[in-house]
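Residue numbers start from 1 in every chain, and the chains themselves are labelled A, B, ... in the order their sequence lines are given, proteins ahead of strands. Note that the structure is predicted; figures quoted are calculated from it, not measured.
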Amino acid sequence: MNFDNKHKRSSKVKGALFQTLLRRIPPKQASSHLEDVVDALMDSLFEGEVDILMNKFSAPPNLRCKGWPEAHLEALKASGWLDGDTSPMVLIENQLSWRRWHEEMEEVIKNLKVRAKNTKLLVASISPKTDPINLQGLNTEQKLAVEAIIHQGVLLLSGGPGTGKTSTVVKILQRALEIKPTLKVGLAAPTGKAAARLQASVQKGIQKIQTLPSQSLSEIPCSTLHRWLGASHGSYKKNKNNPLNLDLLVVDEMSMVDIALMKALLEALPHQSQLVLVGDPNQLPPINSGAIWHRLQKNDTRIYFDEGAIHLKKTYRNRGDLASLSNLLCQKELYSFWDKLFKTSKTANIKAHQCKERLIPNLLTTQLRDHLRDLEELTQQLLKILPENLSPSSTTDITIGAEAELILSSIENLMVLCPKKLGFWGVDEVHKSFLGPSFKDNMTDWPQGTPVMCSENQSELGLANGDIGIVIGEGNQRRLLFRVLTESQKLVTRLINPARLKAIEPALAITIHKAQGSEADEVIVLWPEEISEATKENKLSTKQDLYDKRMLYTAITRARDSVDIFIPSVQVRNNPVISKLNG
DNA sequence: TTAAATGT
């Protein structure tokens, strides 16, 4: 219902855009074929991509006109929209893109290719006397990454969860600082939470290092890309005329970086500075247009970076069907995933469940209720050791008491994930079912032990958007317990008066987008969408399939132990793939 | 469908 409205609205938006284009850049010849092409390009933008492939395998859904792609290509050529240096679209081989996005993307790629050849800084300082750092415990690819920092201006370090990206980064920094101890190094990430996580893992990594550079390692500044760049409402304090004073910058979670942010970074970063770009190529694209990381992972781009393009393959997590099904999502069509999922045994660590009613599934309700009861009991135990009266205005830090630590790690026993926030099987629906229809206005009614999410950066409290905490205590003794890294790099659990928080929401369920970077032992996924047409016929993946694969991949790779995926069975019943499997 | 970030 909701989906239909949204769908209609987005067709309206696309229709309006087409009309505007017709008016502003009148085509020599207008046609419905042209409108098809504009629609397809817009859909592509919604998914963070800037181009569409115009071949017979990549026909977009809901075409008005027959004859894809020949008739559409002909209409494009007749329109004049491909002619000259100011045309709205660009066609290269059979890749069609909006000129504006295409040129920005090409510019960024070109910039990075040039930077990749800048390697003087470390090479000049290297001397045969420097003892190579201890690379024991690293696998072959990780060692190659560490050595590559000497010879490559840009490192593209890609890998899935648990492939040791961060520990490799620590070794890279150690190697670079060992060669040139005065190197000015920075750490960055696109979100506050990712930056905090990077900071914490680097801190953890350097504790193991006994040699000289560890002193300088602990002083490496880490913040969001926006903060590095001095962003304020679309403009940046740091730019070509006021560049960043850095020799080496590490950017983590590159899959969330969009083209505009990357462009701003490259403007502000001096040409001779080295870059280490780190990310998972199979995670979700950024919401805004320009999935620069996905573009950088294409083979014909990677070759320009020589030994600087390193993919970490070996996973140190996940076994059995969970591992093989996440591999399927990376390597095969979406069809193979559903096919294998419905064939897995009842004892597998990933299972699918069909639900007849359009309600919150019983199994989820039971599991979540048990989980919340456990958390509530733990909060009671913590309350017993807290002082009778907590100070109302200030925060109270507990230096990682065993009780507080146990609560926060127990939140990660179970994570409920939804692709959507609103509508059928969305995050809000789970919250309404557990906390009542007006849960947003009645925070005081959320029971003790309710997991919560901070949804705005508040660095003065040590909190980042996306941090998960828990409700403790009642009445004016109510506090929210979070794990934070203090300015002096100490890990503490902090009790915060709810009045001090700008934005807080319940976190009984969270969106898959929000879950990027988090983990839990057990993951439950509510998958409300139809298993697509293409799935039934085992065709090549559409853009939507690619997006769904990334979504499912992100969801199931959050799990340390097991995954349960719920699918509505009305749609399942009509799906030949599944009825065949069941019959 | 889905985000994210910043300063006066």
Side-chain angles (χ1 to χ4, degrees), chain A residues 1-11 13-14 42-49 61 188-197 222-239 242 251-265 268 279 283-294 417-429 453-460 463-467 502-503 505 509-518 525-530 532 542-555:
Chain A
M1 216 159 31
N2 201 346
F3 173 79
D4 288 345
N5 283 336
K6 288 269 163 55
H7 184 72
K8 269 180 205 152
R9 218 192 306 157
S10 97
S11 318
V13 169
K14 286 187 282 188
M42 284 304 289
D43 284 337
S44 174
L45 271 186
F46 288 150
E47 283 143 33
E49 311 273 340
T191 70
K193 191 180 163 194
R197 205 171 45 235
C222 179
S223 64
T224 62
L225 276 169
H226 284 86
R227 193 166 271 212
W228 273 111
L229 296 172
S232 87
H233 299 296
S235 72
Y236 300 94
K237 266 191 208 154
K238 291 286 175 187
N239 51 44
N242 178 23
V251 186
D252 198 6
E253 293 288 2
M254 272 297 293
S255 60
M256 299 180 192
V257 176
D258 63 45
I259 191 83
L261 190 55
M262 195 64 198
K263 219 178 126 180
L265 172 63
Q283 289 241 27
L284 295 163
I287 306 273
N288 282 332
S289 294
I292 177 75
W293 186 239
H294 294 153
L417 298 178
C418 313
K420 295 187 292 182
K421 195 171 175 65
L422 303 172
F424 170 53
W425 278 4
V427 165
D428 280 4
E429 212 173 77
M453 181 187 277
C454 160
S455 47
E456 207 172 293
N457 287 346
Q458 278 189 268
S459 50
E460 73 279 14
L463 282 181
N465 181 354
D467 281 348
K502 287 187 202 155
E505 7 183 292
I510 60 177
T511 60
I512 295 171
H513 276 89
K514 279 275 192 187
Q516 293 185 88
S518 309
V525 186
L526 287 177
W527 191 257
E529 284 157 46
E530 262 181 67
S532 81
T542 62
K543 286 254 170 172
Q544 183 61 47
D545 286 349
L546 182 64
Y547 189 73
D548 285 354
K549 283 203 287 183
R550 292 217 162 108
M551 190 73 109
L552 285 161
Y553 171 86
T554 306

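Following rounding to the nearest Å, A/Asp545 (CG) and B/dT1 (P) show an atom-to-atom distance of 17 Å. In this entry the distance linking CD of A/Glu456 with P of B/dA3 reads 15 Å, nearest Å. A straight line from CD of A/Glu253 to P of B/dA5 spans 12 Å, rounded to a whole angstrom. When the C1' atom of B/dA4 is taken as reference, atom NE2 of A/His513 falls 11 Å away, rounded to whole Å. In this structure, the CD1 atom of A/Ile287 is 12 Å from the P atom of B/dA5, given to the nearest Å. Rounded to whole Å, atom P of B/dT6 lies 10 Å from atom CG of A/Leu225. Taking atom NZ of A/Lys514 as the reference point, atom C1' of B/dA4 lies 8 Å away to the nearest angstrom. Regarding A/Tyr547, its OH atom lies at a distance of 6 Å from the C1' atom of B/dT1, rounded to whole Å.
Of the side-chain N and O atoms in A/Thr191, none sit less than 4.0 angstrom from OP1 or OP2 of B/dA3. Side-chain nitrogen and oxygen atoms of A/Asn457 include at least one within less than 4.0 Å of the OP1 or OP2 phosphate oxygen of B/dT6. Phosphate proximity of B/dT6 to A/Thr224: present, with a side-chain N or O under 4.0 Å from OP1 or OP2.
Out of B/dA3, B/dT6, B/dA5, the shortest distance to the side chain of A/Asn465 is found at B/dA5.
With sequence neighbours excluded, the residues forming a side chain to side chain contact (heavy atoms under 4.5 Å, CB included) with A/Ala464 are A/Lys193, A/Asn457, A/Asp467, listed by chain and number. When the side-chain hydrogen bond (donor to acceptor under 3.5 Å, both in side chains) test is applied to A/Gln516, no partner is found at least two apart in sequence or on another chain.
In this structure, NE2 on A/His294 lies 8.0 Å from CD on A/Gln283, to the nearest 0.5 angstrom.
Using a 4.5 Å heavy-atom threshold, the side chains of A/Trp425 and A/Cys418 count as separate.
At a threshold of 4.0 angstrom between heavy atoms, the contacts of A/Gly230 with the nucleic acid are absent. Nucleic acid contact class of A/Asp258 (heavy atoms, under 4.0 Å, all strands): none.
Each of A/Lys237 and A/Pro419 was assigned the nucleotide of DNA chain B with the nearest heavy atom; the assignment lying further toward the 5' end belongs to A/Pro419.
Considering every non-hydrogen atom in both A/Glu429 and A/Phe424, the closest pair reads OE2-CA, 3.5 Å.
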